[in-house]
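Report on the following structure.
As the structure is a computational prediction, the values presented were derived from the model and not from experiment. Chain letters run A, B, ... following the sequence lines, proteins first and then strands; every chain starts at 1.
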Amino acid sequence: MKIQKEHINKIKDYLWEIPTSFRPQYMNVPARILASETLLDEIMEDRSLAQLVNVASLPGIQGASMVMPDVHEGYGFPIGGVAATSYPKGAISPGGIGYDINCGVRLLLSSLNRETVQESLGVLSRELYNHIPSGMGKGGSILLSSRKMHEVLRNGAEWAVSQGYAKAEDLRFIESNGKLEMADPRLVSERAKQRGKDQLGTIGSGNHFVEVDYIDEIYNTNIATAYGLECGQVVLLIHTGSRGLGHQVATDHIKIIMGAMEKYGINVPDRELACVPFDSEEGQNYFRAMCAAANFAWCNRELISWEARTAWAKVFGSEVDDLHLMYDVAHNIAKLEEHSVEGKSSLMIVHRKGATRAFGPGFPELPEKYLKAGQPVIIPGSMGTCSYVLAGTARSMEITFGSCCHGAGRRLSRTAAKKQVNAPVLKEELRSRGIYVEAGSFKGIAEEAPVAYKDINEVVETVHASGIATKVAKLKPMVVVKG
DNA sequence: ATGTTC
């Protein structure tokens, strides 16, 4: 099934729709695309839209299946996708969350400015690289006993605080306070726990990174002030997830759910969309295991922050009590949330895969000082390009179930990128532009080259212009640490 | 994304 332009209707600027009449035999709702004309052309080159149409067939799906402007194809669901299903009988589908459960990003703020750190960048990049293990299969300095693993899976970021690795004030600035109460560690397999036991405080590989940036431009002074952002300020960006543990949770439960579908009479057009009713035994077991893996990921980002703070103190002096958490947002997760479709409000299971939550002003979970501004939305660009901070809006609740894009989004496969990119040359090029790259392998650099990604500016302009989030600040990189 | 095919 190849989707052509003629199948897509323009609803309004930046919003497109494939109606249910395209595949009436299985689309339960329309499929919607948030994109500029340019990005839509790019999106049509891979299988993203075919996958988006498939998602519209999920049992109990509400409103529309949706993709953000950074969408690209993934396992079953497109990455950059949002699907809300009715609670409690609608589908839960692990493919709608992805293998890297609670992959997410956090932003830490320093009190230093660009000029002050300039001379220390070489030392800083090496200290960060040495303190934060990166790369495929890499372990860290903490080895969790099975008792402690249980505590991490149960308590998330809170565990890091209880062990003295983090400040209690961090917790208020993490989505869901870094802990999903539904987590049940007993539903995480022994094998998943084994894979994860030495992975706290490690970034992994692929698009995961730790980056030092400075704030290049402020677009909205009021919101920037509420978030604590100033022009020229040095900040730290961390992007990673639940590592091998979350991957194993997804693997284990996808297998179980594939085997259970038939007994619930569920038929989906792609086996990678495997799903069961949320309130079924298999659905609950997956969801509770997913929550535990999400907690592991939050604890992981907390431990990486601890390592970064340690490296920071070493370079800038131990008297610097710096790097305060601005916010930590998940972009691969399912959440139970109240949303409104056609004027009727109800509880839904919101699957976000490569999409961040972007709740508007007044949302009670927000820290008090962000209440009027709305939820911070952190959007990393590709390596060496810029990143953005935006704020969620009331509008996002109307069109995207309170969601926004999560990054630049791939446009070339990893294999295609490796063919096109000369990694040592790229590293030199970035260095000549003042960007220090510390990476475990040239392979990683080639796969993450800017040419392999969409234009982050175009993606951010799209979400800003469509009103689902509002631009607050632009970040430019100085140091990139990768696996 | 991932001890990149237990």
Side-chain angles (χ1 to χ4, degrees), chain A residues 46-48 51 70-81 93-105 133-140 143-144 149 188-200 202-210 238-256 258-259 272 286 289-290 293-294 296-298 300-301 304 329-334 351-356 380 382-383 406-419 439-449 452-453 481-483:
Chain A
D46 70 11
R47 293 184 61 250
S48 301
Q51 293 186 327
D70 56 337
V71 65
H72 57 109
E73 64 184 65
Y75 176 88
F77 288 60
I79 296 163
S93 176
I97 289 100
Y99 277 88
D100 190 2
I101 295 166
N102 191 5
C103 187
V105 55
S134 62
M136 169 77 70
K138 236 356 185 350
L143 186 66
L144 295 172
M149 173 60 86
V188 174
S189 69
E190 212 38 59
R191 191 169 176 189
K193 289 169 181 160
Q194 283 297 320
R195 285 180 70 173
K197 69 181 179 190
D198 65 345
Q199 292 186 321
L200 276 186
T202 68
I203 53 181
S205 66
N207 61 0
H208 292 168
F209 64 76
V210 170
I238 298 171
H239 177 198
T240 189
S242 51
R243 310 285 287 98
L245 182 138
H247 192 276
Q248 192 62 45
V249 166
T251 305
D252 292 340
H253 287 264
I254 285 171
K255 195 173 168 195
I256 294 167
M258 275 182 172
E272 294 184 355
Y286 166 69
M290 184 219 73
F296 185 85
W298 273 314
N300 187 27
R301 290 198 286 276
I304 292 171
V329 65
H331 56 226
N332 283 7
I333 203 162
H351 300 67
R352 293 192 182 92
K353 182 188 195 177
T356 71
S382 53
M383 182 177 59
H406 83 308
R410 259 189 188 282
R411 51 178 289 274
L412 294 182
S413 69
R414 294 180 187 283
T415 320
K418 269 183 287 190
K419 270 185 199 156
S441 71
F442 281 122
K443 176 172 162 270
I445 294 180
E447 289 178 355
E448 296 304 315
Y453 282 84
V481 176
K482 292 190 70 69

* To do: Indicate, with a heavy-atom threshold strictly under 4.0 Å, whether A:Gln194 touches base, sugar-phosphate, or nothing.
  => nothing

Sorted by chain and number, sequence neighbours left out, side-chain hydrogen bond (donor to acceptor under 3.5 Å, both in side chains) with A:Ser48 holds for A:Asp46

Note to self: Less than 4.0 angstrom between a side-chain N/O of A:Ser205 and OP1 or OP2 of B:dT2, yes or no?
What the structure shows: yes

Taken to the nearest whole Å, CD/A:Glu448 to C1'/B:dT4 is 14 Å

**Message:** Classify the ring geometry of A:His406 against A:His331: parallel below 30°, tilted from 30° to 60°, perpendicular beyond 60°.
**Reply:** perpendicular

Practice prompt. Describe the nucleic acid contact of A:Gly241 in one word from base, sugar-phosphate, nothing, applying a heavy-atom distance below 4.0 Å.
Written response: nothing

Assert: residue with more 5' nearest nucleotide on DNA chain B, out of A:Lys443 and A:Gly206, is A:Gly206

Between CD of A:Gln199 and P of B:dT2 the distance, given in whole Å, is 8 Å

Here the distance between atom C1' of B:dT2 and atom CD1 of A:Ile203, to the nearest Å, is 15 Å

Here the gap from A:Met149 atom CE to A:Lys193 atom NZ, rounded to the nearest 0.5 Å, amounts to 8.0 Å

key: Short side-chain N/O contact to B:dT4 OP1/OP2 from A:Arg414, under 4.0 Å   = no

Atom CG of A:Asn332 and atom P of B:dT2 are separated, to the nearest Å, by 11 Å

Under 4.0 Å, counting only non-hydrogen atoms across every strand here, what does A:Glu73 touch: a base, just sugar-phosphate, or nothing? nothing

Rounded to whole Å, the CD-C1' distance (A:Gln248 to B:dT2) equals 9 Å

> Looking only at side chains, do A:Arg243 and A:Thr202 share a donor and an acceptor under 3.5 Å apart?
Replying inline: yes

Here the distance between atom P of B:dT2 and atom CZ of A:Arg191, to the nearest Å, is 16 Å

Across all chains, not counting sequence neighbours, the side-chain hydrogen bond (donor to acceptor under 3.5 Å, both in side chains) partners of A:Ser134 are none

Here the distance between atom P of B:dT2 and atom CD1 of A:Ile254, to the nearest Å, is 15 Å

In whole angstroms, the gap separating C1' of B:dT4 from OH of A:Tyr99 amounts to 12 Å

